[in-house]
Amino acid sequence: MGIGRLERFVADWYAARHPVSAPQVEKKGKKVAVIGSGPAGIACAGDLAAMGYDVTIFEKLTYAGGILTYGIPQFVLPNSVVDREIETLKARGVEIVTGTPIDKDKSVDDLFAAGYEAIFVGNGADVPQPPRGLDTSLTGVWSANDYLTQVNLHNDTLPANIKDAKRVLVVGGGNVAVDAVRCARRLGAETIMVYRRTIAEAPARRDEIAPPTRRTLRSGN
């Protein structure tokens, strides 16, 4: 039984019939800052707002959502689903400030000085780990994160070595690698996926990896 697909159906059915809303809660009068608007930041902000805290999310990029917006293809997670989560946060009173990295120019100390009594850091894990010996500075070599970000946000202005690629080699066997393969195929490229272990050991979802072709051997063959 496809539990995940059933959950998706129920969520979509509910969203189509109920507008975004939020219950009224008693405010605590305390400010909390959330750094990062990815899954962890969204969950943290939503829970804190439901408890009555005044929450502000600081996101360094242009759009909120983190990996939900930048790293997962829309054929897996449509932007409309992420947009509804963001609108639900706003309905709960969460302020979302985009284009505002928390770094040397605006630090955690600055947030405390601005009156935030607690800070949640959900800065993600988006630093790629390229295979040893692979020069990622070469033209046409992309980390999966950067590749997926380009495809998700710049469909009309894709770099030529993504848009016009005829053959694409993807190194890896996880869900991100599979997402990259599926994006490349949708762009019309022939794709090859290389993984260092066996197909049975690949960490990607089983239903996203085609089963190997089996050939029945008969006596004498």
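By convention here, the first residue in the shown sequence is residue 1.
- Residues T69 and E59 are not in side-chain contact: their nearest non-hydrogen atoms beyond the backbone lie 4.5 Å or more apart.
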Give the intermediate values and the outcome of side-chain contact (heavy atoms from CB on, under 4.5 Å) for residues V141 and D135. CA-CA 8 Å; V141 178; D135 186 355; over 6 Å; no

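- Nearest heavy atoms, A91 versus S21: CB-C, 4.4 Å.
- More than 12 heavy atoms of other shown residues, nucleotides or ligands fall within 6.0 angstrom of atom CZ in F112.
- In this structure, K27 and Y53 approach most closely via the heavy-atom pair NZ-O, 4.1 Å.
- Side chains of L111 and K106 form a contact here, defined as non-hydrogen atoms less than 4.5 Å apart.
- S37 contributes a side-chain N or O that, together with a main-chain N or O of G65, makes up a donor-acceptor pair within less than 3.5 Å.
- Residue E26 qualifies as open at atom CD: its count of foreign heavy atoms under 6.0 Å is 12 or below.
- Side-chain N or O atoms of D179 include none that pairs as donor or acceptor with a backbone N or O of I72 at under 3.5 Å.
- Nearest approach of A45 to I57, heavy atoms of both residues: CB-CD1, 3.7 Å.
- Rounding to the nearest 0.5 angstrom, the gap separating the CG atom in L77 from the CG atom in N152 is 9.5 Å.
- Side-chain contact between V170 and T191 is absent, with no heavy-atom pair separated by less than 4.5 Å.
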Evaluate the criterion side-chain contact (heavy atoms from CB on, under 4.5 Å) for residue pair V168 and I162; output intermediate values, then yes/no. CA-CA 9 Å; V168 173; I162 291 181; over 6 Å; no

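- At least one side-chain heavy atom of Q150 sits under 4.5 Å from a side-chain heavy atom of P159.
- Judged purely by atom type and a 3.5 angstrom limit, N79 has no side-chain atom pairing as donor or acceptor with the backbone of Q74.
- Counted within 6.0 Å of CZ on R205, heavy atoms from surrounding residues, nucleotides or ligands total 12 or fewer; the atom is thus considered open.
- Across P203 and G174, no two heavy atoms sit closer than the pair CG-CA, 3.7 Å.
- Between A202 and G173, the shortest heavy-atom contact is CB-O, 3.5 Å.
- The main-chain N or O of A114 is found under 3.5 Å from a side-chain atom of K31 such that the two form a donor-acceptor pair.
- Hydrophobic clustering (ILVMFWY, side-chain heavy atoms < 4.5 Å, transitive): V151 and V178 are in distinct clusters.
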Let me see the working for L89 and V55 under side-chain contact (heavy atoms from CB on, under 4.5 Å), right down to the final yes or no. CA-CA 10 Å; L89 289 182; V55 184; over 6 Å; no

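- R17 places no side-chain N or O within 3.5 Å of a backbone atom of A15 that could act as its donor or acceptor partner.
- V176 and M193 end up in different hydrophobic clusters when Ile, Leu, Val, Met, Phe, Trp and Tyr side chains are linked at under 4.5 Å.
- The side-chain heavy atoms of I102 and D110, taken from C-beta on, include no pair separated by under 4.5 Å.
- Atom CZ of R185 is surrounded by 12 or fewer heavy atoms from other residues, nucleotides or ligands within 6.0 Å.
- In this structure, T149 contributes its side chain and Y147 its backbone to no donor-acceptor pair below 3.5 Å.
- Distance CG/D47 to CD1/I42: 12.0 Å, rounded to 0.5 Å.
- The hydrophobic cluster containing L148 does not contain Y70, counting ILVMFWY residues as joined when their side-chain heavy atoms lie under 4.5 angstrom apart, directly or transitively.
- M51 is not listed as a side-chain neighbour of V25, based on a closest heavy-atom distance of 4.5 Å or more.
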Please determine whether side-chain contact (heavy atoms from CB on, under 4.5 Å) holds for the pair T62 and T98, giving the CA-CA distance in whole Å, both sets of side-chain angles, and the decisive distance to 0.1 Å. CA-CA 6 Å; T62 306; T98 58; 5.7 Å; no

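- Remark: R186 is positioned above the aromatic ring of F75, its terminal NZ or CZ atom under 6.0 angstrom from the ring centre and at most 45 degrees off the axis.
- Under the 4.5 Å side-chain heavy-atom criterion for grouping Ile, Leu, Val, Met, Phe, Trp and Tyr, V97 is not connected to V32 through any hydrophobic cluster.
- The aromatic rings of Y116 and F58 lie perpendicular to each other, with more than 60° between the two planes, well past the 30° mark.
- Here the shortest heavy-atom pairing between R84 and H18 reads NH2-O, 3.0 Å.
- Under the 4.5 Å side-chain contact rule for hydrophobic residues, V34 and L68 share a cluster.
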